[in-house]
Amino acid sequence: MRVTFTVNGRRHEADDVWEGESLLYVLRERMGLPGSKNACEQGECGSCTVRLDGEPVCACLVAAGQAEGREVVTVEGLADYARQRDGGERDEEAAGDAALAPVQQAFIDAGAVQCGFCTPGLLVAADELIERNPQPTDADIREALSGNLCRCTGYEKIMDAVRLAAARADQSTQEVG
């Protein structure tokens, strides 16, 4: 079957998709977007988290056909997604370049990236949290990231990064308002 959907702001078609093929497989193997990681294939680790119509989902659990006509945002598209959300335009030339989403920069600044395997899913989940709840409590952050496992950081640097991203987003909102 053919599946047509929007990925990171661009319309894509995947041909010859079989019924049991996951969205994760299509993103990684057919579309060349390796950011979402393939780890557990059971929805337990969160390393494959993407946004499907704005909601974070484990792409390993979503059949590719379920994405028909829908919008997917992967870690590769976070910067453009954040720019659009904040009132900017999609930057075709900056796409894929050094431009980062605020949450991505906060993870770097807080030292929340170690091996990097869990990072894409954490970034997508954290970005959705801050969009939905611009001033999250620690409990909110823990809940939003509870589906994402990390074996390297002990989570404190990740918590610091989400707090930093939220504080920066709040500060920029106050400067604009």
Side-chain angles (χ1 to χ4, degrees), residues 6-10 23 27 33-37 39 43-59 62 67 70-177:
T6 302
V7 181
N8 300 330
R10 294 188 177 128
L23 176 59
L27 292 170
L33 296 170
S36 303
K37 303 300 182 217
E44 296 291 327
C45 72
S47 65
C48 66
T49 302
V50 298
R51 292 180 76 168
L52 182 61
D53 291 339
E55 295 296 318
V57 298
C58 290
V62 176
R70 299 174 78 182
E71 183 168 332
V72 175
V73 176
T74 69
V75 69
E76 291 94 343
L78 275 185
D80 277 344
Y81 186 78
R83 234 184 328 277
Q84 288 175 335
R85 177 178 59 219
D86 297 339
E89 295 293 318
R90 177 175 168 74
D91 187 346
E92 294 295 333
E93 293 197 17
D97 286 352
L100 297 175
V103 72
Q104 291 170 311
Q105 189 62 55
F107 265 63
I108 292 168
D109 294 345
V113 179
Q114 287 192 18
C115 84
F117 204 81
C118 66
T119 306
L122 285 163
L123 287 166
V124 171
D127 186 71
E128 188 277 336
L129 167 66
I130 294 167
E131 180 180 325
R132 177 175 39 86
N133 180 358
Q135 297 178 330
T137 65
D138 282 359
D140 295 331
I141 296 169
R142 282 188 197 94
E143 176 65 26
L145 303 183
S146 65
N148 299 80
L149 302 179
C150 175
R151 292 180 170 212
C152 300
T153 65
Y155 296 98
E156 197 52 44
K157 294 290 187 184
I158 294 166
M159 295 286 292
D160 291 345
V162 178
R163 288 185 205 109
L164 179 60
R168 287 177 177 170
D170 189 47
Q171 181 181 12
S172 70
T173 303
Q174 289 177 7
E175 289 173 1
V176 171

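One is the number of the first residue; the rest follow in order along the sequence.
For the side chain to side chain donor-acceptor pair (under 3.5 Å) test, residues two or more places apart in sequence or in another chain that qualify with Asp170 are Gln135, Gln174. Thr74 is linked by a side chain to side chain donor-acceptor pair (under 3.5 Å) to Asn8, Glu76, counting only residues two or more places apart in sequence or in another chain. Taking Asp140 as the reference, nothing meets the salt bridge (charged side-chain N to carboxylate O under 4.0 Å, His left out) condition, with sequence neighbours excluded. Scanning for side-chain contact (heavy atoms from CB on, under 4.5 Å) contacts around Tyr155 gives Leu149, Cys150, Ile158, with sequence neighbours left out. Residues passing the side chain to side chain donor-acceptor pair (under 3.5 Å) test with Glu44: none are found, sequence neighbours excluded. Partners of Arg132 under the salt bridge (charged side-chain N to carboxylate O under 4.0 Å, His left out) rule, at least two apart in sequence or in another chain, are Glu128. For Glu143, there are no salt bridge (charged side-chain N to carboxylate O under 4.0 Å, His left out) partners two or more places apart in sequence or in a different chain. In terms of the side-chain contact (heavy atoms from CB on, under 4.5 Å) criterion, residue partners of Ser47 (sequence neighbours excluded) are, by chain and number, Lys37, Ala39, Cys45, Phe117. Residues satisfying the salt bridge (charged side-chain N to carboxylate O under 4.0 Å, His left out) test with Asp109, not counting sequence neighbours, are Arg168.
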Contacts under 3.5 angstrom, residues 51-58 side chains, donor-acceptor by atom type, not counting sequence neighbours:
{"residue": "Arg51", "atom": "NE", "partner": "Gly54", "partner atom": "O", "Å": "2.9"}
{"residue": "Arg51", "atom": "NH1", "partner": "Asp127", "partner atom": "OD2", "Å": "3.2"}
{"residue": "Arg51", "atom": "NH1", "partner": "Glu131", "partner atom": "OE1", "Å": "3.1"}
{"residue": "Arg51", "atom": "NH2", "partner": "Gly54", "partner atom": "O", "Å": "3.0"}
{"residue": "Arg51", "atom": "NH2", "partner": "Glu131", "partner atom": "OE1", "Å": "3.2"}
{"residue": "Asp53", "atom": "OD1", "partner": "Glu71", "partner atom": "N", "Å": "2.9"}
{"residue": "Asp53", "atom": "OD2", "partner": "Arg70", "partner atom": "NE", "Å": "2.7"}

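Between Ala82 and Ala101 the shortest heavy-atom distance is CB-CB, 4.1 Å. Residues Thr153 and Ala112 share a closest heavy-atom pair of CG2-O, 3.8 Å. In this structure, Leu78 and Val124 approach most closely via the heavy-atom pair CD1-N, 4.1 Å. For the residue pair Ala106 and Ala161, the shortest heavy atom distance occurs at CB-O, 3.4 Å. Pairing each heavy atom of Asn148 with each of Ala125, the nearest pair is OD1-CB, 3.8 Å. What you find for Ile108 and Leu100 is that their closest heavy atoms are CD1-CD1, 3.6 Å.
Taking CG from Leu123 and CZ from Phe107, the interatomic distance works out to 5.0 Å, rounded to the nearest 0.5 Å. Between the CD1 atom of Ile141 and the CG atom of Asp160 there is a distance of 9.0 Å, given to the nearest 0.5 Å.
For residues 145-158, the salt bridge (charged side-chain N to carboxylate O under 4.0 Å, His left out) pairs, not counting sequence neighbours, are Glu156-Arg163.
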